[in-house]
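Not measured: the values here are computed from a predicted model.
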Amino acid sequence: MSVTTTVLLVILAIVVIIVVWGVVAYNHLVTLRNRVQNGFSQIDVQLKRRTDLVPNLVETVKGYATHESQVFQNVTEARANAVKAAGSTSATAADRAQAESTLSNALMALQATAEAYPDLKANQNFLQLQEQLSDLEQKIAYARQFYNDVVQKLNTSIETFPSNIIAGMFHFNQAQYFQVPEAEKQVPQVKF
């Protein structure tokens, strides 16, 4: 074999390695981007289930606690805002997190109201709704954790060398974490 042939084979091998690496890096970024979208969709599914459950919970409590209208109004408004944020194409993950956090706080107030009514706490329908809500909250927490884990992997891949070269060439953008707003991180004050 001549030196020219050997040099051409080495150059060809290097080009093939770079192309294969580029394809693998690109496919990895696409996979992570799709997992982020799937993770956000899974959060949506669980949040939708929760917003569908809220009217039943409110109606059940209303039958026992008719003079707690402010609590019901807060839950209804928080649910409407969560549904609006879910349906908005311009809503960011932070917007969704804020709306869902407000709904969570309103639901906690509703459950605290229910504690004052022993007959309600013994109501089978209310107990089932509470159990479903608790189950949904666990699923939402898991879905948020999964989403944030995948966002972290995607963002790391976009930022680290050498995959950042492919990410820049094909305009991959970092994803937003699903975070609790700062105001919601404060420890609530309980007064008796």
Side-chain angles (χ1 to χ4, degrees), residues 29-63 65 68-115 125-159 167 171-190:
L29 289 168
V30 168
T31 300
L32 289 175
R33 183 178 58 199
N34 290 339
R35 289 185 78 195
V36 166
Q37 292 169 349
N38 178 47
F40 199 78
S41 295
Q42 295 303 321
I43 293 172
D44 270 348
V45 167
Q46 298 307 324
L47 294 176
K48 173 73 171 118
R49 289 180 64 201
R50 180 173 72 174
T51 55
D52 289 348
L53 181 67
V54 168
N56 295 333
L57 189 61
V58 168
E59 287 303 316
T60 302
V61 175
K62 264 187 185 179
E68 304 286 352
S69 62
Q70 185 61 45
V71 173
F72 303 131
Q73 182 179 351
N74 291 346
V75 171
T76 303
E77 287 174 7
R79 179 185 181 273
N81 289 337
V83 169
K84 182 179 176 184
S88 173
T89 56
S90 63
T92 64
D95 296 336
R96 292 289 309 278
Q98 175 65 41
E100 294 302 330
S101 181
T102 303
L103 179 57
S104 292
N105 289 339
L107 287 172
M108 284 191 285
L110 180 66
Q111 289 180 324
T113 299
E115 292 294 319
N125 189 32
F126 178 72
L127 293 174
Q128 287 174 341
L129 290 170
Q130 264 192 320
E131 185 178 316
Q132 288 175 5
L133 184 61
S134 176
D135 183 49
L136 283 172
E137 292 296 336
Q138 289 176 3
K139 289 178 181 177
I140 290 168
Y142 174 78
R144 286 177 180 161
Q145 179 182 353
F146 173 79
Y147 172 79
N148 284 339
D149 287 346
V150 177
V151 166
Q152 183 265 331
K153 289 176 185 175
L154 174 65
N155 291 349
T156 300
S157 292
I158 289 173
E159 293 176 4
H171 308 289
F172 281 87
N173 297 317
Q174 290 193 344
Q176 290 182 330
Y177 288 99
F178 202 100
Q179 297 177 333
V180 175
E182 281 299 319
E184 302 299 323
K185 292 180 182 177
Q186 305 301 321
V187 177
Q189 293 186 1
V190 178

[atom1] of [X] to [atom2] of [Y]: how many Å apart, nearest 0.5 Å?
X	Y	atom1	atom2	result
K153	S157	NZ	OG	9.5 Å
K84	E77	NZ	CD	12.0 Å
D95	E100	CG	CD	11.5 Å
T60	Q128	OG1	CD	10.0 Å

Do you know which two heavy atoms are closest between [X] and [Y], and how far apart they sit?
X	Y	value
L32	V150	O-CG1, 3.7 Å
N173	L154	O-CD2, 4.1 Å
E137	L107	OE2-CD1, 4.3 Å
R33	F172	NH1-CE2, 3.5 Å
L103	A82	CD2-CB, 4.1 Å
T51	P55	O-CD, 3.1 Å

Flag the pair [X] / [Y] as yes when at least one side-chain heavy-atom distance between them is below 4.5 Å, and no otherwise.
X	Y	result
R96	L47	yes
N81	T102	no
L53	R49	no
F72	V61	yes

Side chain to side chain contact (heavy atoms under 4.5 Å, CB included) between I43 and F146, intermediate numbers included: CA-CA 9 Å; I43 293 172; F146 173 79; over 6 Å; no
Please check if the side chain of [X] supplies one atom and the backbone of [Y] the other of a donor-acceptor pair under 3.5 Å.
X	Y	result
D44	S41	no
N56	L129	no
Q46	K139	no
S134	Q130	no

CA sep, side-chain torsions, deciding dist, call: E131, D135, side chain to side chain contact (heavy atoms under 4.5 Å, CB included): CA-CA 6 Å; E131 185 178 316; D135 183 49; 5.7 Å; no
N148 and Q152: CA distance, side-chain angles, deciding distance, side chain to side chain contact (heavy atoms under 4.5 Å, CB included) verdict: CA-CA 6 Å; N148 284 339; Q152 183 265 331; over 6 Å; no
Whether F40 and F178 hold their rings parallel, tilted or perpendicular, with breakpoints at 30° and 60°: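 Because their plane-to-plane angle lies in the 30° to 60° range, the rings of F40 and F178 count as tilted.
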Taking atom types as modelled and ignoring hydrogens, do the side chains of [X] and [Y] form a donor-acceptor contact shorter than 3.5 angstrom?
X	Y	value
Q174	E159	yes
Q42	N38	yes
Q70	N74	yes
R50	S104	yes

Flag if over 12 foreign heavy atoms under 6.0 Å of OH, Y177: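 Counting other residues, nucleotides and ligands, OH of Y177 exceeds 12 neighbours.
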Test salt bridge (Lys or Arg N to Asp or Glu O under 4.0 Å) applied to D149 - qualifying residues, sequence neighbours left out: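 Salt bridge (Lys or Arg N to Asp or Glu O under 4.0 Å) check on D149 returns nothing, list empty.
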Residues K48, D52; criterion salt bridge (Lys or Arg N to Asp or Glu O under 4.0 Å); working and verdict: CA-CA 6 Å; K48 173 73 171 118; D52 289 348; 2.8 Å; yes
